[in-house]
Engineer: 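Here it is, the structure in full.
Position 1 is the first residue of the sequence, and the numbers go up from there.
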Amino acid sequence: MALTSTLPLYSHPKRLGLLALASDHGRCLGHDSAWFITRRRYSRSKRLVVAAAYGAEGGARRRVYRQSQAKQPLSSAPKQIATFVAPAGVFIAATFVLWKLVEKLLMPKPSRSSSVENKSPSQGVKWSFAPGTNLLSGVTAKIDRQSKLTLNEFAKELRAFSSVDMSGRNFGDEGLFFLAESLGYNQIVEEVSFAANGITARGMKAFNGVLEANMVLKTLDLSGNPIGDEGIKCLCDILVNNTGIQKLQLNSVDLGDEGAKAIAELLKKNSTLRALELNNNMIDYSGFTSLAGALLENKTIRNFHLNGNYGGALGANALAKGLEGNKSLRELHLHGNSIGDEGIRSLISSLSSHKGKITLLDFGNNSITAKGAFHVAEYIKRSKNLLWVNLYMNDIGDEGAEKIADALKENQTVTTIDLGGNNIRAKGVGAIAEALKDNTVITNLELGYNPIGADGAKALSEVLKFHGNVKTLKLGWCQIGPKGAEFVADMLRYNNTISILDLRANGLRDEGAACLARSLKVVNETLTSLDLGFNEIRDDGAFAIAQALKANEDVTVTSLNLASNFLTKFGQSALTDARDHVYEMSEREVNIFF
């Protein structure tokens, strides 16, 4: 059967002729065509090779085949077949060997692959010494060593300096346990900050036995760590026996009413704390009530910070009861508690009968209107110790501003008053300006974020030309425009007290900048800082200011802010040249911000 399948390949003259023709045609077509024809030749010759592989029966058939082929006129055909069968066989064998070799090198072994797939995901992973990163086992040892070296450097700081800031280094609870040992019996460090380090309630146990032994540490800052109420309870239990720490900062530590209760119990027993900061937590009415009870018993606390909590009017009423019996408190910070007018009334009523000496009141951002401003004004009139009043970001309006102005006429102690963001217009600012005529005590006046306009700027400037003792004047975002800048510039020609002037975001443009530049040419021995950011000033305004700086060899300005304006490289270059000129002429440095 194999013989019959091979005979038609070469016994027919026409097919042999086609084979020879294809061979010649392959040479003409090139390598690819020749390869194709060679394949055809190889497939045909393969049949002869297969046929020759039979046994004894195949031998007989081969004899018959040879006899038949001897009779054929084309006796050279088998030789032609042999000439291409041998090279093709070698090529196939070499290709097969190369393929097996490449497969062995590149393909993974099945047994290993399965073992890796079945491997537990926890294998090869280890928690690093500094928490917060999962590390492969191959690099863990190196990272552990580096973490320990870093913590050792931190520990050296604790043993070498009196004030150490380790905030934001993210060493977590494990790092705190390591570092706390350096605080025990430490006789050098007095202030340390561990703020924003990922410390949790568990980390508070690191202070156990350490803070009791340390009598030198005065300030401990743990702000920005998710300590929570449980961690605060643990810390308070430790601090009960501490007699060194005078300032404790626990801002933004997820402190709620339960934690406030623990702190209240601490205040009843601890007699060394002077300043306590609990800003930006979640203390509600219940927590305020607990803290008020502690104030009745505590005799040493001076500065109390509760900014950014949820006291409300009820919390203020509760706190007011604690203030009545406390004689030690000096500063009360209640910014951002939504106290409202009713809460302010309760607090002021208690402070009026307070036997202590309050020097600072921060009632900013508490939804206070003109009605609440009336109560604050009454307290300002009577106070003999108040130095600093903050009513920032309320809504007292012109009516409230007038009440505060009347109180300032009588008060001779307040040095800083912040009325920013209170919807005060020209009328209210005019009342404040009149109060400054006879008041030489106020040195810092914040009126920013009030729509006083050019008329308000005029009323204030007319008074400050020759009256008052204001050293820092802030009029940012007051809509005074180029016209208002003209009044302020005229005031600067005569005023000899203002050293810091903030005129940001007033739409001054080039016209207003040019007015101020003319004043800078005049000798002013007090103005050191001028802020003109966000004022749509372009290159022309920058050129005017640059010329003024060059013209005044005795200029005292050391800080000039022109950031967020419309200056190109030309205006910036002019200001840079002016700065260099001032330094060359007087060796004074002017810091210019673009």
Side-chain angles (χ1 to χ4, degrees), residues 223-224 249-253 255-256 260 276-285 287-288 291-292 303-320 323 329 331-351 358-380 386-401 403-405 407 414 416-425 428-429 432 444-452 472 474-478 502 504-505:
S223 301
Q249 295 170 280
L250 296 172
N251 306 313
S252 303
V253 294
L255 170 65
L276 179 61
E277 296 184 12
L278 304 176
N279 300 324
N280 303 318
N281 283 295
M282 299 174 289
I283 305 173
D284 212 324
Y285 162 71
F288 271 68
L291 293 170
N303 303 335
F304 204 21
H305 298 250
L306 286 168
N307 297 332
N309 281 285
Y310 300 91
L314 292 177
N317 290 335
L319 193 62
L323 292 175
L329 196 64
E331 297 183 9
L332 181 60
H333 300 259
L334 291 173
H335 189 106
N337 270 283
S338 300
I339 292 174
D341 294 334
E342 186 60 30
I344 286 295
R345 185 193 63 78
S346 298
L347 288 170
I348 294 299
S349 176
S350 296
L351 289 173
I358 294 291
T359 60
L360 184 149
L361 287 176
D362 184 356
F363 293 144
N365 195 19
N366 269 301
S367 304
I368 301 171
T369 66
K371 184 178 179 180
F374 169 78
H375 300 297
V376 176
E378 290 301 308
Y379 183 75
I380 293 175
L386 193 61
L387 302 175
W388 198 91
V389 179
N390 181 17
L391 291 173
Y392 184 75
M393 285 297 169
N394 284 292
D395 191 20
I396 67 173
D398 288 341
E399 183 182 352
K403 291 182 172 66
I404 298 295
V414 174
T416 299
I417 181 90
D418 190 341
L419 298 175
N422 268 287
N423 197 29
I424 300 172
R425 301 179 181 275
V429 169
I432 297 293
N444 299 291
L445 179 60
E446 165 70 88
L447 291 170
Y449 298 95
N450 284 302
I452 68 173
T472 299
K474 295 186 177 182
L475 297 174
W477 284 269
C478 282
D502 181 1
R504 285 175 295 169

Engineer: Verify, without hydrogens or angle tests, whether Asn251 (side chain) and Asn279 (backbone) share a donor-acceptor contact under 3.5 angstrom.
Structural biologist: yes
Engineer: What's the spacing between Leu391 CG and Leu361 CG if we round to 0.5 Å?
Structural biologist: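 Output value for this atom pair is 9.0 Å.
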Engineer: Sub-3.5 Å donor-acceptor pair from the side chain of Asn337 to the main-chain atoms of Ile339, do we have one?
Structural biologist: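 The answer is no, because no donor-acceptor pair under 3.5 Å joins these two groups.
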Engineer: Is the backbone of Ala401 close enough, under 3.5 Å, to the side chain of Asn422 for a donor and an acceptor to pair up by distance?
Structural biologist: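 No; judged by distance alone, with no hydrogens or angles, the pair does not exist.
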Engineer: Is Asp341 close to Ile368 at the side-chain level, that is, under 4.5 Å between some pair of heavy atoms?
Structural biologist: yes
Engineer: Please walk me through it: do Leu332 and Leu323 pass side-chain contact (heavy atoms from CB on, under 4.5 Å)?
Structural biologist: CA-CA 10 Å; Leu332 181 60; Leu323 292 175; 3.8 Å; yes
Engineer: Quick one: does Asn309's side chain have a donor or acceptor within less than 3.5 Å of a partner on Asn281's backbone?
Structural biologist: yes
Engineer: Run the salt bridge (Lys or Arg N to Asp or Glu O under 4.0 Å) test against Asp502 and tell me which residues pass, sequence neighbours left out.
Structural biologist: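 Checked Asp502 against salt bridge (Lys or Arg N to Asp or Glu O under 4.0 Å); matches are Arg504.
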Engineer: Please enumerate all residues that pass side-chain hydrogen bond (donor to acceptor under 3.5 Å, both in side chains) together with Asp284, with sequence neighbours excluded.
Structural biologist: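 Result, side-chain hydrogen bond (donor to acceptor under 3.5 Å, both in side chains) vs Asp284: none returned.
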Engineer: Please test His335 against Asn390 for side-chain contact (heavy atoms from CB on, under 4.5 Å), starting from the C-alpha separation and ending with a verdict.
Structural biologist: CA-CA 9 Å; His335 189 106; Asn390 181 17; 3.7 Å; yes
Engineer: Rounded to the nearest 0.5 Å, what separates atom CG in Asn317 from atom CG in Leu347?
Structural biologist: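 So the gap between those two atoms works out to 7.5 Å.
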Engineer: Applying side-chain contact (heavy atoms from CB on, under 4.5 Å), run through Glu277 and Asn303 and close with a yes or a no.
Structural biologist: CA-CA 8 Å; Glu277 296 184 12; Asn303 303 335; over 6 Å; no
Engineer: When rounded to the nearest 0.5 angstrom, what distance separates OG1 in Thr359 from CG in Leu386?
Structural biologist: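 Interatomic distance, Thr359 OG1 to Leu386 CG, rounded to 0.5 Å: 7.5 Å.
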Engineer: Quick one: sort the Trp477 and Tyr449 rings into parallel, tilted or perpendicular, breaks at 30° and 60°.
Structural biologist: parallel
Engineer: Do Asn307 side-chain atoms and Leu334 backbone N/O form a donor-acceptor pair below 3.5 Å?
Structural biologist: yes
Engineer: Distance from Lys371 atom NZ to Ile344 atom CD1, nearest 0.5 Å?
Structural biologist: 12.5 Å
Engineer: Enter the distance from Ile283:CD1 to Tyr310:OH here, rounded to the nearest 0.5 Å.
Structural biologist: 11.0 Å
Engineer: Could you check if a side-chain atom of Thr416 sits within less than 4.5 angstrom of a side-chain atom of Asp418, using non-hydrogen atoms only?
Structural biologist: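 No, too far: nothing below the 4.5 Å cut-off.
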Engineer: So, using side-chain hydrogen bond (donor to acceptor under 3.5 Å, both in side chains) as the criterion, who are the partners of Asn365 when residues are at least two apart?
Structural biologist: none
Engineer: Using a 4.5 Å cut-off on heavy atoms from C-beta on, say whether the side chain of Leu291 contacts that of Leu306.
Structural biologist: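 Leu306 reaches Leu291 side chain to side chain.
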Engineer: State whether the side chain of Asp362 and the backbone N or O of Gly364 hold a donor-acceptor pair below 3.5 Å, judged by distance alone.
Structural biologist: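 Indeed, once roles are kept as given, a pair shorter than 3.5 Å links the two residues.
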Engineer: With a 3.5 Å distance limit and no angle check, can you tell me whether Asn394 reaches the backbone of Ser367 through a side-chain donor-acceptor pair?
Structural biologist: yes
Engineer: Taking the side chain as C-beta and beyond, is there a heavy-atom pair between Leu360 and His333 under 4.5 Å?
Structural biologist: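 The answer is yes, as the side chains (C-beta and beyond) meet within the 4.5 Å cut-off.
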Engineer: Determine, step by step, whether Val414 and Leu387 satisfy the side-chain contact (heavy atoms from CB on, under 4.5 Å) criterion, reporting the C-alpha distance in whole Å, the side-chain angles of both residues, the deciding distance to 0.1 Å, and the verdict.
Structural biologist: CA-CA 4 Å; Val414 174; Leu387 302 175; over 6 Å; no
Engineer: Rounded to the nearest 0.5 Å, what separates atom CZ in Phe363 from atom CD1 in Ile396?
Structural biologist: 13.5 Å
